[in-house]
Amino acid sequence: MPIDFSQFASAQDLHAIMPMIVLTVAGIVVLLADLVKLPLRSGVLATIAFAGIAAAVVLTFQMGFTGRQPAYSGMLVVDGVAVFLSLVVLVGTGLAVLLSASYLPATTSYLGEYYALVLFAAIGMLIMVMSEDLMAIFLGLEILSMALYVLAGFFRTARRSTEAALKYFLLGAFASGFLLFGIGLLYGATGTTQVPMMQYVLQMYGQYVSPYLLLGGLGLILIGMGFKAGVVPFHMWVPDVYEGAPSAVTAFMSAAPKAAALAVVLRIFAGELNMLARNWVDVFLVLGVLTMTLGNLVAVAQDNMKRMLAYSGIAHIGYLFAGIAAFNGNSASAVLYYLAVYSFMNMGAFAVLAMLNRRGRYEFLDDYAGLSSRQPVIALAMTVFLVSLAGLPPTAGFLSKLYLFKALIESNQVPTAVLAMLNSVVSVYYYLRVVVYMYMKEPVSEVQTPGMALGAGLAVAISLVMVLVLGVHPGSVVEWARMAVGMP
Amino acid sequence: MVTIFGIPLLTAVTWLPALGAVVLLFLPKSLGKIHHYAAFAISLATALISIPVYTHFPLGTASYQYVEDLAWIPTLGARYHIGVDGISLFLVLLTTFITPLALLSSWTSVEHRIKEYVIALLVLETAMIGVFVSLDLLLFYFFWEAMLIPMYLLIGIWGGARRLYATVKFVLYTMFGSVLMLVAILVLVLQGYQHTGTLTFGLLELMHTPLSPGAQALMFSAFALAFAIKVPMFPFHTWLPDAHVEAPTAGSVILAGVLLKMGVFGFLRFCLPLFPAVAIKAAPIMVTLALIGIVYGALVSLMQKDVKKLVAYSSVSHLGFCVLGIFALNMQGVTGSLVQAVNHGLSTGALFLLIGMIYERRHTRQIADFGGLAHVLPVFATFFMITMLSSVGVPGLNGFVGEFLILLGAFRANWVWGTLAATGVILGAVYMLWMYQRVFYGQVTHEANKKLRDLNLREVLILLPVFAGMVWIGVFSPAMTKRIEPSVEGLLAAVRSEQMPAATVGQAEPGTPQAAPAEAAATPLPADAATPPTPSESAAPTDPHAAHEAGH
């Protein structure tokens, strides 16, 4: 019997995965190019990777933020949320490639593998962002995780890097187990792995579905994704891995994968299954408040920049979780906007860190003492990123928090909004402490400051412009985020 | 519409300093002192183009002038809506005139990182003007928070020995107050949205949002906390002495001159019109805190050994007067409070300038290290004397006008308030004169004080405009009160009409001659929109308060 291939992949399906195909091709080209002895090897490889990402951005952008286009018989879906978060993921990856280009020593022998792994991780994230089928989500997550495990241990001769990779791998595998178990329970409860089908089953045959299996399954999925996103109490790995991994990898891990994990959370808990939302409001609120409070309070005690930014990242996930708990259209669009802004401000801060950290210094706060007189431009950029992370105007961090907290207040969660605001006061303390070191302290010891570097400099410049522009004129990005969730 | 080179007037005044800062940002650091000259020129230009704001301001209207209203963030309903009325007019002018003086005052004292220093000051100026002119709550909050970082840097980089402690305390205190205000703003906006169906941050549109009494009380508290910290009112004042003492002279001048006025302004612009019912109910509490502040600030000033600290605590006392005037909730009180806000900016600003000048010479501010300075520094002593007299409220100088109006308003509202506040005036004279006596009179006891140089031309030039302002307000105060009163009248009428919804419109109409004392006593508010505007003070022949006389 002849096989009808159109059943497996229609033009529509291919269109949906076009960005991933481009990334795959770019990854393979990078690997192949690394076999040739190239002049300016590091620059060429980074350029290829960046070009692939740029092409994927254009392709994704063309899909538009409205409409809903299932692909591969409902395994994937191209809708506003998918397109918006794909862009966030791709931009985060692009910035990571740029800053890696100046962070990794040109002599590193595995440069090809590095960029290929980053690209493959991006493919995993795109699958997570686009999938409506729990199996596809798991597949995407594993593609991402495998790449990140290797990347975390990329400096394999460095003990800290290896330790970080091992920790990440063990805990990550554990989390994947939770996720898979949760998927199994949901499948047992509803007989399907597709989220829209589950919705249908619950609507039609709700009384036959075991609530224990259902809630247990959703709970386990939440734990699994909570691990990946770094939600308290599943956050233990975050600071250790961030500290140990090469700085460029830490930067990469700190933004895009979080957006992907939250895409899954949004899809399962705030999207198709939102008829169950009322069961989850309190869970999200409690997790959100715990996460932001612990993140902010512990960040105060850090003197290592990477650990501080790790805890700050945890705090931001807390704000986002609380925001998801508002469960309205405004909160979903606010979460999307926040994720977009977060990638720029966080990648910006990490780009500065990675640029300075090239020769191993600039991991501890002490090294930043007096930076403003040695590198005024870098110090100023870092200040803008930190002010934005703290949520002060005129930066994008302020407006993104405003949208999020407004959504919270709209669903009558005023106490949570107040707690979140007070948390951001705490965060001001530790973010501005870096500014204190950079501007108000004299250097403790002679520190060799690496100068500007093209790649990281570009990443800083892009992030800086975006943080300032989005802080004063959020314009189209907010409108895309609203279109993505079907708001006028 | 009044324009400057085709740019609407207020936008030009607000943004010129920030524009200058951006230009300076891209000029090389090696220019050094040229940055200081350029920044001074920019701030002077800002002061000059702000003059039309005064000259074109029409008399007898409570409406906003030079209004600009443009779309800003449509998805939030936030607009670029700015305008000036009698309440903000003089505060804007105060800002534009103090900033060049502050820049001039640090001519020699700030020598490292001049570029960063002047940029921070210019950005701060834009943020301060922006706060005063915003008629959109988000725009207001935007500028309000934007003031934080430049001030933080000013204290933290160019401040004294304990500057890090002071600056972090300043930022955390202020942040704490303002984030709760942001929650209240959002709640208010969403209530307005439910009520009218349009999402807006516009102050004028939100004024009549119906709120439950409980919500109104909470939101009033959130706003009031932010402003009370900024004023600062007792017991939220502890950041002020630290910030003042550690800040560089220009920082202290701006802090005392303009930043503290933000709180006074905030009460009048936001707390009263947005939550009138609660404002009236809360008035006794606010007045009590203000009175505690007045007396406590004065008593603590009395005990200070450091001149700068003394002036810092005197600010707590003086600003207590402003809050007292606001919550007397009558014409005289509120007008006096605004006049006093400007006065305090001038006289305390000048005191900080003078203290900065002597500190540059002697590198100490301890009263005990001085004595007999009048012999060595006659010009300096004269300037100090005039400033001090302005600060304690001698008739003929500005301080008198404000304190007199406030006391008048306080007595009209409740004679106990007036009496208690008057003790603050006495104490104010005591600590100032005693300090003056110890610093300037007697014999020169320290060898180091004998060789001090008197003021140079630059320093005299800084002080002269301030003195011109002091005398101008002291003698020609009607020019000021005439412009302030219509807006205050409108504000009080609005507050009263909210309080008594049953009252007919005619009753709240200002200017109707129906001043009936019995009626005034019956209403919870002294109904004095009906009384003719305050008599001009320079013409007031008698001083009803022995306090002033006792002072000198």
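- In this structure, the portion of B:Leu164 lying under 4.5 Å from any heavy atom of chain A is its side chain and not its backbone.
- In the displayed structure, A:Phe364 atom CZ is contacted under 6.0 Å by more than 12 heavy atoms of other residues, nucleotides or ligands.
- For a residue to count as touching a neighbouring chain, one of its non-hydrogen atoms must lie under 4.5 Å from one of that chain's; by this rule B:Val171 touches chain A with the side chain only.
- Atom CD of B:Glu125 and atom CD1 of B:Ile254 lie 7.0 Å apart (nearest 0.5 Å).
- Atom-to-atom distance recorded for A:Leu339:CG and A:Asn346:CG is 11.0 Å, nearest 0.5 angstrom.
- Heavy atoms of B:Trp144 lying under 4.5 Å from chain A are absent altogether.
- Side-chain contact annotation: B:Ser178 with B:Glu145, donor-acceptor N/O pair under 3.5 Å present.
- Between B:Ile229 atom CD1 and B:Trp239 atom CH2 the span is 9.5 Å, to the nearest 0.5 Å.
- Each of B:Thr11, B:Asp69, B:Asp136 was checked for a side-chain hydrogen bond (donor to acceptor under 3.5 Å, both in side chains) with B:Tyr80, and the lone residue meeting it is B:Thr11.
- Contact annotation for B:Leu139: neither backbone nor side-chain heavy atoms come within less than 4.5 Å of a heavy atom of chain A.
- The choice from A:Leu432, A:Val436, A:Val478 that makes the most heavy-atom pairs within less than 4.5 Å of chain B is A:Leu432.
- Distance check: A:Leu320 CG to A:Met292 CE gives 9.5 Å after rounding to the nearest 0.5 Å.
- Neither the backbone nor the side chain of B:Phe143 comes within contact range of chain A; no heavy atoms are under 4.5 Å apart.
- Heavy atoms closer than 4.5 Å to chain B are found in the side chain of A:Leu380, but not in its backbone.
- Under the side-chain contact (heavy atoms from CB on, under 4.5 Å) test applied with B:Pro150, the options B:Val123, B:Ile155, B:Thr126, B:Leu121 reduce to a single match, B:Val123.
- Between chain A and the residues B:Leu25, B:Ile185, B:Leu138, the most heavy-atom pairs under 4.5 angstrom are made by B:Leu138.
- Counting heavy-atom pairs closer than 4.5 Å to chain B, the top residue among A:Thr383, A:Val387, A:Thr395, A:Leu402 is A:Leu402.
- Interface summary for chain A: among B:Ile149, B:Val168, B:Leu148, the most heavy-atom pairs under 4.5 angstrom belong to B:Ile149.
- When heavy atoms are compared at a cutoff of 4.5 Å, B:Ile157 approaches chain A by way of both its backbone and its side chain.
- From B:Glu68, atom CD reaches atom CZ of B:Arg79 across 12.0 Å, with rounding to the nearest 0.5 Å.
- Rounded to the nearest 0.5 angstrom, A:Tyr338 OH and A:Leu399 CG are separated by 12.0 Å.
- Within the 4.5 angstrom heavy-atom criterion, atoms from both the backbone and the side chain of A:Pro394 approach chain B.
- The part of A:Leu392 that comes within reach of chain B is its side chain, from C-beta onward, which places non-hydrogen atoms under 4.5 angstrom from that chain.
- Comparing A:Tyr403, A:Tyr429, A:Phe405 by heavy-atom pairs within less than 4.5 Å of chain B, the highest count is held by A:Tyr403.
- In this structure, chain A has heavy atoms under 4.5 Å from both the backbone and the side chain of B:Val183.
- With a threshold of 4.5 angstrom between heavy atoms, A:Val472 approaches chain B through its backbone and through its side chain.
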